[in-house]
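One structure below.
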Amino acid sequence: MSVHAPAPFAPSAPLRLFNSLTRQLEAFQPVHAGEARVYSCGPTVYNYPHIGNMRAYVFADLLGRTLSFKGLKLTHVINITDVGHLTDDADEGEDKMEKMARAEARSIWDIAKHYTQAYWEDVKALNIRQPARWTIATEYVPQMIAFAERIAAKHCYELDSGLYFDVSTVADYGRLARAQTEEGEGRIEAVEGKRNGADFAIWRKTPPGEKRQMEWDSPWGRGAPGWHLECSVMSGEVLGFPFDIHTGGIDHREIHHPNEIAQNQAFCCTNGLDVPANSGARIWMHNNFLVERSGKMSKSSGEFLRLQLLIDKGYHPLAYRLMCLQAHYRSELEFSWEGLGAALTRLKRMLIAVGQLKERAPEVAAQPGPRFTPFLERFDAAMSDDLNTAVALTVFEEVLGLKKVDPADKLAAVAAMDAVLGLGLLELDRRALRIRPKGVEIDEAGIEALLDARKAARAEKDFARSDALRDQIAAKGVEVMDGDPLGWEWKLA
Ligand SMILES: Nc1ncnc2c1ncn2[C@@H]1O[C@H](COP(=O)(O)OP(=O)(O)OP(=O)(O)O)[C@@H](O)[C@H]1O
Ligand SMILES: [Zn+2]
């Protein structure tokens with residue numbers, strides 16, 4: 001009798017993604033056969049990222065993991081905005097980086113380095129995969145100038161304050177935002193001499209007599225590139241127009257991305273590129289906001305939640321990732337500590353199930369085996385349906401709960417799904433989820449030692465000693481949970 005290895009599971013559900021341009025679900029058809037090229041607007045590194053910002057990258061990561069799962073060769077680019085983002089997304093205000101550098105009395109380069117590092121730490125803690133390239137805006141200034149030179153004659157005009165893009169020179173400006181061309185959204189004070197309210201600076205000249213920390217020479221004088229120009233240039237340079245998918249938070253649908261599209265149109269037309277509708281990317285995808293009761297979480301408002309604060313309070317960062325996965329990326333997600341606590345409990349349950357499975361299966365089977373095909377198909381269908389992570393998670397848990405199946409096969413199915421969800425459950429140690437909150441005056445080893453002593457006291461039926469030990473632990477800020485069904489013997493008091 002010959003033994004046949006099971007055929008590998010090939011996800012075949014048609015991938016449909018919501019395109020903000022058409023406001024419709026569309027079948028994903030790669031520009032380059034077998035590939036997916038994705039650009040995500042990166043953080044402006046003038047401050048720590050808040051967990052709302054990180055939702056944007058958890059979403060982009062899920063998209064990337066799904067494209068990989070579907071067998072596509074992924075090239076993902078995320079940029080770092082270290083110059084050019086003004087305090088208002090339209091054309092007013094000052095550079096967020098310059099402003100913070102002044103407030104902190106540090107050089108902009110220092111600020112950029114520090115907060116980029118902080119962002120990368122959060123990326124790592126949330127199991128966001130490394131993109132193929134991190135493009136740093138200040139490293140692309142010559143390309144930005146070249147791009148602007150190419151479109152300047154037909155699409156731009158110069159004012160004292162800079163080189164402006166005339167939005168009336170491209171067809172259907174603002175179709176992504178569905179905004180009025182003249183008014184645009186959120187466009188406050190007009191710059192003197194602007195032809196249309198929505199025109200925007202692609203090069204900002206340094207005012208005479210002033211010196212900026214970051215400035216470059218250009219045909220339009222010394223100055224700095226506009227934020228919108230940066231993303232057009234970095235995406236086009238690395239991925240080539242047209243590329244497949246451009247992502248960002250839903251706020252970018254209103255100003256930043258319509259302006260990128262206008263520049264891309266101008267660039268593609270001047271270069272004779274027949275890009276469909278010349279938008280640069282075929283599909284534009286936007287994640288909705290993480291909100292608090294008081295409204296959208298915002299860096300510029302000064303008060304916000306950092307991932308580190310969650311950790312300091314004893315929540316593993318992956319509980320936040322799971323919290324994001326429980327909602328659809330296009331829905332608003334309201335942050336609450338109760339919600340995060342519930343996500344942590346769910347993560348613990350998953351981890352316990354995987355831990356028990358790992359004990360029974362010495363190794364992961366090469367393939368999940370036919371028993372798991374219907375589950376993988378449902379998982380595939382959910383993720384292919386515009387990243388329906390909420391449904392995908394329930395399928396994942398159904399598989400975790402399956403009894404009387406080969407453990408090695410089951411582990412292979414779990415691994416295949418987790419590669420998409422990115423919870424990293426096969427690598428995560430159960431004890432890693434017990435994060436000692438910052439305020440607690442005892443370390444993990446100390447807690448474990450007291451718990452062991454207490455267990456021994458109980459085994460000897462010395463309940464007085466057992467109670468005294470519990471009080472001792474509680475005094476240090478930790479509550480012992482007797483009979484905890486999850487087997488998590490302690491939590492924050
Ligand atoms: N509350 C939020 N929920 C989800 N995504 C968000 C939220 N706030 C910003 N984003 C997204 O985070 C990403 C990084 O944004 P960026 O660093 O430019 O933030 P910012 O505009 O400086 O900060 P803020 O909007 O908080 O003042 C963008 O894709 C943005 O759309
Ligand atoms: Zn951008």
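Computed from a prediction, not measured in an experiment: that's the story for all the values here. Reckoned from all heavy atoms, side chains included, excluding hydrogens, waters and symmetry mates. Numbering of ligands and ligand atoms starts at 1, following listing order.
For His256 atom NE2 and Cys41 atom SG, the angle they make at the Zn ion (ligand 2) is roughly 110°, to 10 degrees.
Nearest non-hydrogen protein atom to atom 27 (O) of ligand 1 is Ser300 OG, 2.5 Å. Here the protein heavy atom with the shortest distance to atom 28 (C) of ligand 1 is His252 NE2, 3.5 Å. For atom 24 (P) of ligand 1, the nearest protein heavy atom (residue, atom name, distance) is Lys299 N, 3.4 Å. In this structure, the protein non-hydrogen atom closest to atom 18 (O) of ligand 1 is Thr44 OG1, 3.1 Å. The shortest contact between atom 25 (O) of ligand 1 and any protein heavy atom is with Lys296 NZ, 2.9 Å. Nearest non-hydrogen protein atom to atom 2 (C) of ligand 1 is Phe289 CD2, 3.4 Å. Closest protein heavy atom to atom 14 (C) of ligand 1: Tyr57 OH, 3.2 Å. Atom 20 (P) of ligand 1 has as its closest protein heavy atom Lys96 NZ, 3.6 Å.
Residue-to-ligand polar distances place Asn53 within reach of ligand 1: an N/O pair is separated by less than 3.5 Å. Checked by distance only, ligand 1 and Leu290 come closer than 3.5 Å through their nitrogen or oxygen atoms. Polar contact check, Gly249 against ligand 1: a nitrogen or oxygen pair lies under 3.5 Å apart. Remark: ligand 1 and Gly52 share an N or O pair separated by less than 3.5 Å (distance only, no angle test). At a 3.5 angstrom cut-off on N or O pairs, Asn288 does not count as close to ligand 1.
At a heavy-atom cutoff of 4.0 Å, ligand 1 is contacted by no atom of Phe304, backbone or side chain. At a heavy-atom distance under 4.0 Å, only side-chain atoms of Asp251, from C-beta outward, approach ligand 1.
The aromatic rings of Tyr48 and His114 sit perpendicular to each other, their planes meeting at more than 60°, with 30° as the lower class boundary. Using cut-offs of 30° and 60° for the angle between ring planes, the Trp203 and Trp220 rings count as tilted. Between Trp337 and Tyr315, the ring planes lie tilted relative to each other; the angle falls in the 30° to 60° range.
Within the 6.0 Å centre-distance limit, the rings of Tyr119 and Trp134 are counted as a close aromatic pair.
Every atom of ligand 1 is numbered from 1 in the order shown, and the set under 4.0 Å from a heavy atom of Asn287 is 4 (C), 5 (N). Near His85, the atoms of ligand 1 lying under 4.0 angstrom from a non-hydrogen atom of the residue are 18 (O), 21 (O). Residue contact check: Pro43 has heavy atoms under 4.0 Å from atoms 17 (O) of ligand 1.
When each of Asp380, Thr66, Leu387 is paired with Val420, the side-chain contact (heavy atoms from CB on, under 4.5 Å) condition holds for Thr66 and for no other. Each of Thr75, Thr247, Asn79 was scored for a side-chain hydrogen bond (donor to acceptor under 3.5 Å, both in side chains) with Tyr39, with one residue passing: Asn79.
The distance from the Zn ion (ligand 2) to the nearest N/O/S atom of His252 is not under 2.8 Å. Put simply, His257 stays out of reach of the Zn ion (ligand 2), with no N, O or S atom under 2.8 Å from it.
With hydrogens and angles disregarded, a donor-acceptor distance shorter than 3.5 Å links the side chain of Thr394 to the backbone of Val391. Judged by distance alone, the side chain of Glu98 and the main-chain N or O of Asp95 form no donor-acceptor pair under 3.5 Å.
Counting only N and O atoms by type, the side chains of His257 and His286 include a donor and acceptor under 3.5 Å apart.
For Arg195 and Tyr157, the positive end sits near the middle of the six-membered ring, less than 6.0 Å away and at most 45° from its axis. A cation-pi contact, defined as under 6.0 Å to the ring centre and within 45° of the axis, links Arg330 to Phe18.
Contact analysis puts His50 in contact with ligand 1, with a non-hydrogen atom separation below 4.0 angstrom.
Taking a cutoff of 4.0 Å between a charged side-chain nitrogen and a carboxylate oxygen, Lys194 and Asp199 do not qualify as a salt bridge. Salt-bridge annotation for Glu94 and Lys99: absent, with no side-chain N of the basic residue lying under 4.0 Å from a carboxylate O of the acidic one.
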